[in-house]
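Some notes on the structure that comes next.
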Amino acid sequence: MKRSLIALAAGTFALGMAEFGMMGILGVVSKSIGVNIVEAGHLICAASLGGAVISMGLGIASPALAGAPLALIGAIMLYVLHRKTGV
C-alpha cells in the first residue's frame, strides 16, 4: 500500500477521533463556558467548518507551493479564522 494513502487514512482517523472526543466532553465544556449543550455543539460545527475551509484553501494553494511556505500559509489561515470567529 502507498505510504501517502496510509498518511491520509491516519490523518482522517485522527480528525474523526478529535470530533468524537469533543462530543464526549461537550457537557463539561458547556458548563465551563456557561451555555447549554446545544449552543456548545456549535463549537464542533465551527471547528469542522474551519477545517473544511482551511483544507480547501490549502488544496487550492498546494500545486503552486510546497513544503514550509504551505505550512506557513496554513498556520496564518488558522490564526485569521481564530481571530475572526473568537472560537
Side-chain angles (χ1 to χ4, degrees):
M1 185 178 284
K2 288 185 174 181
R3 294 173 89 178
S4 60
L5 186 59
I6 292 171
L8 180 64
T12 303
F13 178 76
L15 287 172
M17 291 307 295
E19 300 281 332
F20 285 118
M22 184 62 186
M23 285 182 220
I25 61 169
L26 191 58
V28 176
V29 171
S30 68
K31 287 180 185 175
S32 70
I33 61 175
V35 297
N36 63 20
I37 293 180
V38 175
E39 291 172 347
H42 293 301
L43 290 174
I44 297 173
C45 183
S48 298
L49 185 60
V53 169
I54 289 171
S55 64
M56 192 168 40
L58 288 176
I60 291 169
S62 64
L65 302 169
L70 188 59
L72 181 62
I73 289 172
I76 291 170
M77 289 174 72
L78 274 172
Y79 175 76
V80 169
L81 183 67
H82 171 70
R83 297 298 289 174
K84 293 288 184 187
T85 61
V87 175

Problem set entry | Closest non-hydrogen atom pair, Ile37 against Ser30 |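 Scanning both residues completely, I find the closest heavy atoms to be CG1-OG, 3.6 Å.
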Hydrophobic clusters here meaning ILVMFWY residues chained together by side-chain heavy-atom distances under 4.5 Å, can you tell me if [X] and [Y] are in one?
X     : Y     : answer
Ile33 : Ile25 : yes
Met17 : Met22 : no
Val35 : Val28 : no

Problem set entry | Set of side-chain contact (heavy atoms from CB on, under 4.5 Å) partners for Ile6, sequence neighbours left out |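 Checked Ile6 against side-chain contact (heavy atoms from CB on, under 4.5 Å); matches are Met1.
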